[in-house]
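Below is one structure, written out as structure tokens; the observations come after it.
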2 protein chains.
Amino acid sequence: MTIRLVLADDEDLIRGALAALLGLEDDLVVVGEAASAAEAVAVACAERPDLAVLDLEMPPGDGLGAAAEIHARLGVPVVLVTRHARPGVLRRALAAGVRGFVPKTTPAARLAAIIREVHGGRRYVDPDIAAAALTERPCPLTPRELDVVRAAARGAPVAEIAAAVHLAPGTVRNYLSAAMAKLGAPNRQAAARTAWEQGWI
Amino acid sequence: MTIRLVLADDEDLIRGALAALLGLEDDLVVVGEAASAAEAVAVACAERPDLAVLDLEMPPGDGLGAAAEIHARLGVPVVLVTRHARPGVLRRALAAGVRGFVPKTTPAARLAAIIREVHGGRRYVDPDIAAAALTERPCPLTPRELDVVRAAARGAPVAEIAAAVHLAPGTVRNYLSAAMAKLGAPNRQAAARTAWEQGWI
DNA sequence: CGGAGCCGATGACAGATGTCATGGGTTCGC
DNA sequence: GCGAACCCATGACATCTGTCATCGGCTCCG
């Protein structure tokens with residue numbers, strides 16, 4: 001009884017290495033590979049695997065949408081692999097139906113076991129991130145504040161942010177000010193950094 | 001005739017996957033693994049491998065120092081693997097004696113061949129990065145300007161930067177202004193981003 | 001209904017930031 | 001010796017940013 005896998009990661013070297021790692025297991029076989037979120041969905045539809053292993057960071061866009069789509073349309077369980085394991089992202093991943101959440105700090109030897117567990121109907125979530133997600137304060141920012149902070153993340157001036165979010169410059173500064181106060185950040189860069197680290201943006 | 005390798009990457013999953021990938025080759029054997037730059041040097045000294053494969057991004061510090069040390073002290077050729085292949089970093093890597101420079105966008109199947117080439121005394125440099133490095137403008141920033149831009153990269157206020165670099169606040173602003181003018185950046189965040197993307201900081 | 005919270009905006013103000021001119025110090029190469 | 005380039009600093013100025021008070025409109029809940 002082999003488990004048929006689809007594997008997606010935008011970095012060829014990593015994807016190939018993971019394929020080699022999983023190929024060492026007698027009961028795992030990689031039947032399809034993809035280098036982007038869109039391609040991952042297409043390959044999954046074509047191959048109808050028993051399980052999909054997706055990297056979360058696959059520009060453009062993230063693997064979360066692909067994970068949700070693969071789970072919703074095909075009923076295929078998804079294991080997400082991520083470099084930056086942020087609490088908020090775990091929350092959204094679980095909401096999207098993801099069955100496994102594995103940071104890249106996980107020992108390589110455990111990945112196959114995790115895949116078997118998820119294939120067997122169980123879930124796997126990295127204990128550290130789970131703890132962080134359970135103890136975290138919920139995001140204190142309003143949707144609009146999140147928009148503005150997101151737009152401010154690249155260090156753009158207020159006028160640019162205002163244009164991007166279709167708001168008056170003064171309103172943007174108000175939202176930024178509110179977000180900085182809520183996050184205890186001295187400036188918008190720090191606020192954006194904090195929000196990102198928590199997985200809120 | 002097998003090639004004995006030491007492999008270093010801070011992410012366990014990636015390191016293990018790369019080990020699996022390389023282990024598929026009959027003539028390659030991974031004799032030591034490390035999860036940090038310092039550990040990489042120690043393991044290399046203990047194992048005296050034929051070649052070392054190091055990830056460039058290994059906080060704290062980067063793999064460049066470890067690569068230079070392994071090359072200088074042991075005469076072991078080093079292949080650097082990196083996620084963000086920036087022209088300036090390639091320049092510094094070659095100056096440090098690195099023999100192979102491989103971005104993670106390289107197809108996995110080629111890594112073994114690259115290792116054999118480097119072990120055979122040749123060099124390997126990713127063609128795209130090499131082209132970028134050859135056509136790039138040289139860094140226009142003075143050493144002091146680089147210091148200040150580096151300190152400004154995290155979005156710290158001027159006073160903090162001044163304290164970190166032991167300069168008067170006004171001087172910091174002058175350096176930042178000069179750097180922004182040279183890089184064509186509208187503010188210091190953009191300047192820091194540009195400098196980073198070019199591999200100058 | 002009334003309050004609370006979010007949304008969008010304005011105006012005023014202090015402080016931070018970016019620009020410019022200018023100065024004196026050093027080192028280096030011609 | 002002289003100019004060029006870098007280093008460090010100051011002062012003045014315009015702009016940007018962050019804070020605060022205040023406004024009206026909206027929705028949702030008790």
Side-chain angles (χ1 to χ4, degrees), chain A residues 88 91-92 95 136-201, chain B residues 88 91-92 95 136-201:
Chain A
R91 209 175 274 278
R92 288 209 297 276
E136 81 174 332
R137 46 180 176 169
C139 176
L141 303 182
T142 69
R144 225 63 182 118
E145 285 166 358
L146 280 175
D147 287 343
V148 174
V149 170
R150 212 189 323 269
R154 305 192 202 295
V158 168
E160 215 167 295
I161 302 173
V165 198
H166 305 297
L167 284 179
T171 308
V172 168
R173 286 193 291 154
N174 284 342
Y175 281 155
L176 285 176
S177 187
M180 289 184 285
K182 287 178 180 176
L183 301 182
N187 56 46
R188 65 176 99 174
Q189 290 86 305
R193 176 179 296 268
T194 300
W196 187 88
E197 282 168 357
Q198 292 294 325
W200 292 332
I201 57 175
Chain B
R91 212 175 272 279
R92 289 208 298 275
E136 81 173 332
R137 46 179 176 172
C139 175
L141 302 182
T142 69
R144 225 65 182 115
E145 286 166 357
L146 279 176
D147 287 344
V148 174
V149 170
R150 213 188 324 269
R154 303 191 204 296
V158 168
E160 215 168 294
I161 302 173
V165 196
H166 305 297
L167 284 178
T171 309
V172 168
R173 286 194 289 154
N174 284 342
Y175 280 156
L176 285 175
S177 187
M180 288 183 285
K182 287 178 180 176
L183 301 181
N187 56 47
R188 64 176 101 173
Q189 289 87 296
R193 175 177 297 267
T194 299
W196 187 88
E197 282 168 357
Q198 293 293 324
W200 292 332
I201 54 176

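To find a chain, count down the sequence lines: A is the first, B the second, and so on, and within it residues start at 1. Heavy-atom basis, side chains included; hydrogens, waters and symmetry copies ignored.
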Please report the end-to-end axis angle for the helix from C:dC1-D:dG30 to C:dC30-D:dG1, five pairs per end, rounded to 10 degrees. 30°
Atom pairs, protein N/O to nucleotides 28-30 of chain D N/O, distance under 3.5 Å:
none

Partner residues of B:Ala151 under the side-chain contact (heavy atoms from CB on, under 4.5 Å) criterion, sequence neighbours left out: B:Ile161, B:Val165
At their closest point, which heavy atom of A:Leu146 faces which heavy atom of A:Cys139, and how far apart are they? CD2-SG, 4.1 Å
Who passes salt bridge (Lys or Arg N to Asp or Glu O under 4.0 Å) against B:Arg91, sequence neighbours left out? B:Glu136
Separation of atom CE in B:Met180 from atom C1' in C:dT17, rounded to whole Å: 8 Å
What residues in residues 186-200 of chain B put a non-hydrogen atom under 4.0 Å from any atom of DNA chain C? B:Asn187, B:Arg188
Any pair counted as ring-ring contact (aromatic ring centres under 6.0 Å, His included), so long as it reaches residues 138-161 of chain B, sequence neighbours left out: none
Which atom pair, heavy atoms only, marks the closest approach of A:Ala152 to A:Leu176? CB-CD2, 4.0 Å
With sequence neighbours left out, which residue pairs that include part of residues 150-174 of chain A fulfil the side chain to side chain donor-acceptor pair (under 3.5 Å) condition? A:Asp147-A:Arg150
Can you run down the ring-ring contact (aromatic ring centres under 6.0 Å, His included) pairs that involve residues 169-193 of chain B, sequence neighbours left out, and say none if there aren't any? none
Approximate separation, where rounding is to 0.5 Å, of A:Arg188 CZ and A:Ser177 OG: 11.0 Å
If the condition is side-chain contact (heavy atoms from CB on, under 4.5 Å), which residues does B:Ala178 pass it with, not counting sequence neighbours? B:Glu145
Nucleic acid contacts - residues 153-165 of chain B versus DNA chain C, non-hydrogen atoms under 4.0 Å: B:Pro157, B:Val158
Heavy-atom protein contacts under 4.0 Å, nucleotides 7-15 of chain C, coded B base, S sugar-phosphate only, - none: SBBB-B---
Using every non-hydrogen atom in the two residues, find where A:Ala191 and A:Met180 come nearest and quote the distance to one decimal. CB-CG, 4.0 Å
I need the minimum non-hydrogen distance between B:Ala192 and B:Val149, along with the two atoms involved. CA-CG1, 3.7 Å
Side-chain donor-acceptor pairs of residues 194-201 of chain B under 3.5 Å, sequence neighbours excluded:
unit_1	atom_1	unit_2	atom_2	d
B:Thr194	OG1	B:Ala190	O	3.0

Quick one: does any side-chain atom of A:Asn187 pair with a main-chain N or O of B:Gly155 as donor and acceptor, under 3.5 Å? yes
